[in-house]
Each structure stands twice: as structure tokens, then as C-alpha cells.
There are 2 protein chains.
Amino acid sequence: MIADMADEGDKFVEGAPDSPPELRAGAGYLLARLGAESRRRWARMLAEHGMTPHHYGALMTLDNLKVTHQQRLAELIGVDPRNAVSVVDFLERRGLIERTRDRADRRRHAIALTEEGRAVIDGLRRAGDGVERDMLGGLTGDERTALHDLLHRLFEVTVDR
Amino acid sequence: MIADMADEGDKFVEGAPDSPPELRAGAGYLLARLGAESRRRWARMLAEHGMTPHHYGALMTLDNLKVTHQQRLAELIGVDPRNAVSVVDFLERRGLIERTRDRADRRRHAIALTEEGRAVIDGLRRAGDGVERDMLGGLTGDERTALHDLLHRLFEVTVDR
DNA sequence: TATTGTTATACTCTATAACTATA
DNA sequence: TATAGTTATAGAGTATAACAATA
């Protein structure tokens with residue numbers, strides 16, 4: 001038999017006798033949980049531009065790398081190379097990227113942003129700043145910076161290189 | 001026309017003339033990207049136990065709260081209350097949680113872990129430690145701690161309370 | 001009239017198998 | 001034989017609409 005609910009945390013002040021235990025979870029799980037939250041918010045914003053987080057990631061990555069090929073792009077944005085095809089197709093149809101055969105290895109397609117792609121990115125970046133402020137607004141400036149640095153480093157050691 | 005690919009980053013040493021620009025992205029996007037990576041790894045591990053990240057999250061959350069109701073649980077694990085039904089159903093059928101009507105508000109179902117649920121959690125936690133070491137192994141101990149603290153705080157200010 | 005939980009369903013994302021063309 | 005890209009498909013995950021019981 002279950003007695004009373006213990007989830008009305010906001011009714012208790014810090015250190016009160018009945019204050020519920022902190023929600024404790026590992027960093028890996030929290031990363032997955034908060035990542036889903038962040039993804040949801042990005043997806044909602046990007047949907048207004050007719051895009052998905054993968055499209056955004058691809059544009060952003062190409063803006064950094066200038067040129068790359070599909071397999072590498074897929075790796076960096078975190079999709080299986082087989083599923084990257086439709087992502088790249090979509091952006092190409094919209095005229096935001098161009099896909100040309102690599103002369104040295106004709107199996108490969110070199111991918112790069114078009115002029116229009118670069119223009120679109122600027123708009124998305126501005127919209128993205130709003131999402132980020134909303135998601136991380138509860139943190140101090142120092143905390144946001146520290147989190148950004150740590151995530152950037154984690155990205156390097158897990159997916160990049 | 002696209003000239004050469006610029007993605008063979010590992011061939012260049014730091015500061016070399018042709019070294020590719022760092023992959024720069026905002027904290028919100030990185031959080032979504034790395035969250036998906038973490039989720040994938042958790043999902044793979046949990047599949048061996050016939051579970052999903054949501055099931056894990058529900059068990060972990062109940063272990064912290066002891067008792068709660070479905071809406072609150074759904075909020076904490078990040079699923080729509082309507083979709084939390086099948087998550088709770090699954091765990092109840094496995095005998096890991098028990099669902100009893102709240103006497104004070106008979107619309108509500110009080111949810112709590114069973115003895116067996118607590119035992120299963122111990123096993124999952126051990127398996128989860130392996131996933132976490134794998135995911136965060138490239139960071140130093142201090143970095144892992146700092147990241148964990150920041151994620152925990154972000155969880156508080158975004159979804160909890 | 002609002003809230004808790006439920007059922008049902010459509011849609012998106014992700015994972016995977018099988019193929020073509022180049023190397 | 002291995003790799004880059006493609007096509008196709010099934011399953012998991014997510015979002016949404018409509019409803020019953022209770023407040």
C-alpha cells in the first residue's frame with residue numbers, strides 16, 4: 001500500500017524536514033534527457049523554417065568545414081550515412097548546398113554551401129540564439145560558458161577526430 | 001565548382017597552415033547532438049535488459065522520489081503524459097512498480113517501486129556506469145564532475161520544479 | 001469547467017538489409 | 001575485397017485528437 005505522494009517539492013523550503021530527496025541521476029542519463037529537451041525546442045523553431053535539427057546540423061557543419069563528403073558529414077551530425085542521403089537531398093533541392101563528384105575519388109561527392117545556404121544560416125543562427133537563451137536562461141553567464149566549453153570538448157573526444 | 005575536401009583533420013598538426021577550422025556550434029545544439037549520442041548508447045545497453053531509456057528514467061526517478069503520480073513522472077522523464085501510460089504499464093506488468101489509486105484524489109494513481117524494482121535498478125546502475133565511462137572517458141575526472149554538476153543544475157532550472 | 005489517466009492513431013526518426021559504382 | 005553513396009523498409013519514438021472518471 002502506498003501512503004502519501006511525495007512529489008510536491010515546491011511546497012517545501014530548502015532543508016525542511018519533509019523536503020524530497022534531490023533527483024539524482026548520472027551525467028550520461030542527464031545528457032540524454034536534457035539533450036532530448038533541447039532537441040525538442042530546436043525542432044519546434046526549425047519547423048517554422050521547414051527544417052529539422054539534422055538539416056541545421058548539416059548547414060552549421062558545412063559552414064565550419066567549407067567542404068566535406070557525405071560520410072564525414074553524417075558522422076559529425078550523428079546520423080547513419082544511409083540516412084544522410086535524404087538530408088543532403090533536401091538541402092540540395094532547396095539550393096542551400098551543392099553536391100559535385102570528387103575528381104580524385106569518383107565514388108565521393110564533395111558537398112559545400114551555396115551563397116544562398118550561407119544567407120539562410122545567418123537567419124537560423126539568429127533564431128537559434130533565442131532558443132538557446134530560453135533553454136539555458138536559468139544558468140548564469142559563467143555557467144553557460146563552462147557548459148559550452150565542456151560540451152565542445154566532449155564533442156571532440158567522442159565524435160570528432 | 002568545389003576544389004578539394006577539407007575534412008582530413010587528423011592529418012594536420014595543431015596550428016598547421018591547412019588545419020581545418022574548429023567545429024563551432026552553440027551549447028544548445030551541442031547538447032541536442034551529444035544527448036542523442038548518449039541516448040543511443042544507453043538504448044543499446046538497455047535493450048539487452050529489454051528496456052528503453054524511458055523505462056530506465058522512470059525507475060531512476062521513482063528511486064529518488066519514492067512515490068509520485070503519472071503526470072509528474074511523465075514531466076520528469078520528458079514524455080507526454082499520454083505516452084507515459086505505456087511506459088508505466090510495461091513496468092507494472094514486469095512487477096517493477098506498483099500503481100494504486102490515491103485515496104485523496106481518486107483520479108490519481110500513486111506509483112512506487114516494488115522490492116523487485118529496487119533490485120533491478122541496482123543491476124541497471126552497474127551496467128549504466130559502463131556506458132557512462134565509455135561516453136565520458138575522454139574527459140578528466142574534474143571535467144566529468146563539472147559537467148555533471150552543470151547538467152544537474154540545468155535539469156533543475158528547466159524541467160524540475 | 002479543469003484535471004488525471006486512458007485509448008487510438010498518424011507521423012517522424014532511427015536502424016538495417018540489399019544494391020550500384022567505383023576503388 | 002572494401003568503400004561511397006543510394007534505395008527501400010520496418011520498428012521505435014513522438015505528437016495529437018477524442019474520451020471517461022473525478023475534482
Side-chain angles (χ1 to χ4, degrees), chain A residues 2 5 7-8 32-33 35-44 46-47 50-58 67-93 97-111, chain B residues 2 5 7-8 32-33 35-48 50-58 67-93 97-111:
Chain A
I2 298 175
M5 306 248 176
D7 68 306
E8 304 296 332
R33 171 70 185 81
E37 190 73 32
S38 184
R39 184 179 194 81
R40 240 187 306 271
R41 299 182 188 215
W42 278 89
R44 216 167 6 239
L46 289 168
M51 289 195 186
T52 70
H54 288 330
H55 298 139
Y56 175 87
V67 191
T68 191
H69 58 101
Q70 275 187 221
Q71 301 253 348
R72 176 65 172 156
L73 182 63
E75 190 175 61
L76 289 171
I77 66 177
V79 309
D80 187 285
R82 288 171 285 198
N83 298 324
V85 176
S86 63
V87 174
V88 174
D89 280 349
F90 173 90
L91 296 173
E92 192 182 37
R93 251 181 287 116
I97 64 170
E98 72 174 341
R99 182 152 47 173
T100 53
R101 273 207 181 270
D102 183 9
R103 292 179 308 285
D105 181 343
R106 282 162 53 215
R107 290 173 306 184
R108 287 188 168 185
H109 282 174
I111 304 176
Chain B
I2 298 173
M5 307 250 174
D7 68 305
E8 305 296 334
R33 171 69 185 84
E37 189 74 33
S38 185
R39 185 179 193 82
R40 238 186 308 271
R41 298 181 188 216
W42 278 89
R44 213 163 14 233
M45 178 278 281
L46 289 167
E48 295 170 16
M51 289 195 186
T52 70
H54 288 330
H55 299 137
Y56 175 87
V67 191
T68 191
H69 58 103
Q70 277 187 216
Q71 300 252 351
R72 176 67 172 153
L73 183 63
E75 190 175 61
L76 289 171
I77 66 176
V79 308
D80 187 285
R82 289 170 284 198
N83 297 324
V85 177
S86 63
V87 174
V88 174
D89 279 350
F90 173 90
L91 296 172
E92 192 182 36
R93 252 182 287 116
I97 64 170
E98 72 175 340
R99 181 152 47 174
T100 54
R101 272 207 182 269
D102 183 10
R103 291 178 308 286
D105 181 345
R106 284 160 53 216
R107 290 173 306 182
R108 288 188 168 185
H109 281 175
I111 304 176

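A, B, ... follow the sequence lines: proteins, then strands. Residue 1 opens every chain. Values in this document were obtained by computation on a predicted structure and should not be read as measured data.
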* Below 4.0 angstrom from OP1 or OP2 of C:dT6, is there any side-chain N or O of B:R99? -> yes
* Is there side-chain contact between A:H109 and A:R101, with at least one heavy-atom pair below 4.5 Å? -> yes
* Using only side-chain N and O atoms of A:Q71, determine if any of them is under 4.0 Å from OP1 or OP2 of D:dA4. => yes
* Asked: Step by step, would you call A:H55 with A:L46 a side-chain contact (heavy atoms from CB on, under 4.5 Å)?
  -> CA-CA 9 Å; A:H55 298 139; A:L46 289 168; over 6 Å; no
* Examine the base of D:dA15 for any acceptor or donor lying under 3.5 Å from a partner atom in the side chain of B:N83, and report the outcome as yes or no. => yes
* To do: To the nearest Å, give me how far apart CD1 (B:I111) and P (C:dG5) are.
  => 7 Å
* Asked: Is any side-chain N or O of A:H54 closer than 4.0 Å to OP1 or OP2 of C:dT12?
  -> no
* **Any A:R39 side-chain nitrogen or oxygen under 4.0 Å from OP1 or OP2 of C:dT14** => yes
* Asked: Rounded to the Å, how far apart are A:R72 CZ and D:dT3 C1'?
  -> 16 Å
* Phosphate contact (C:dT6 OP1 or OP2) by B:H109 side-chain N/O below 4.0 Å -> yes
* Asked: Between B:T52 and B:D80, which has a closest nucleotide on DNA chain D that is more 5'?
  -> B:T52
* Asked: To the nearest Å, how far apart are B:L73 CG and C:dT4 C1'?
  -> 14 Å
* Parallel, tilted or perpendicular for A:Y56 and A:W42, by the 30°/60° rule? -> tilted
* Where do A:V88 and A:R99 land on the side-chain contact (heavy atoms from CB on, under 4.5 Å) test, with the steps shown first? -> CA-CA 8 Å; A:V88 174; A:R99 182 152 47 173; 3.4 Å; yes
* For A:D105 and for A:G78, find the nucleotide of DNA chain C with the closest heavy atom, then tell me which residue's nucleotide is more 5'. => A:G78
* Structure fact -> Checking A:Q70, A:R72, A:E92 against A:I111 for side chain to side chain contact (heavy atoms under 4.5 Å, CB included), the one that qualifies is A:Q70
* **Which nucleotide in C:dG5, D:dT3, D:dG5 has an atom nearest any side-chain atom of A:H69** => D:dG5
* Could you check how far CZ of A:R103 sits from P of C:dT22, rounded to whole Å? => 16 Å
* Asked: In whole angstrom, what separates B:R41's CZ from C:dT14's P?
  -> 16 Å
* **Toward the 5' end of DNA chain D, by each residue's nearest nucleotide, A:R40 or A:V85** => A:V85
* C:dT4 phosphate, OP1 or OP2: any side-chain N/O from B:R108 under 4.0 angstrom? -> yes
* Would you kindly compare B:V88 and B:R44 by the position of their nearest DNA chain C nucleotide and give the one closer to the 5′ end? => B:V88
* Checking only heavy atoms, does the side chain of A:R106 share a donor-acceptor pair with the base of C:dT22 at less than 3.5 Å? -> no
* Taking only N and O in the side chain of A:R82, is any of them less than 4.0 Å away from OP1 or OP2 of D:dT6? -> no
* Whole Å only: how far is the CD1 atom of B:I97 from the P atom of C:dG5? -> 12 Å
* In whole Å, what is the span from the CZ atom of B:R33 to the P atom of C:dC13? -> 16 Å
* Does A:R33 use its side chain to pair, donor to acceptor, with the backbone of B:L76 at less than 3.5 Å? -> yes
* Figure out the CG/C1' separation between A:D102 and C:dA23, and round it to whole Å. => 12 Å
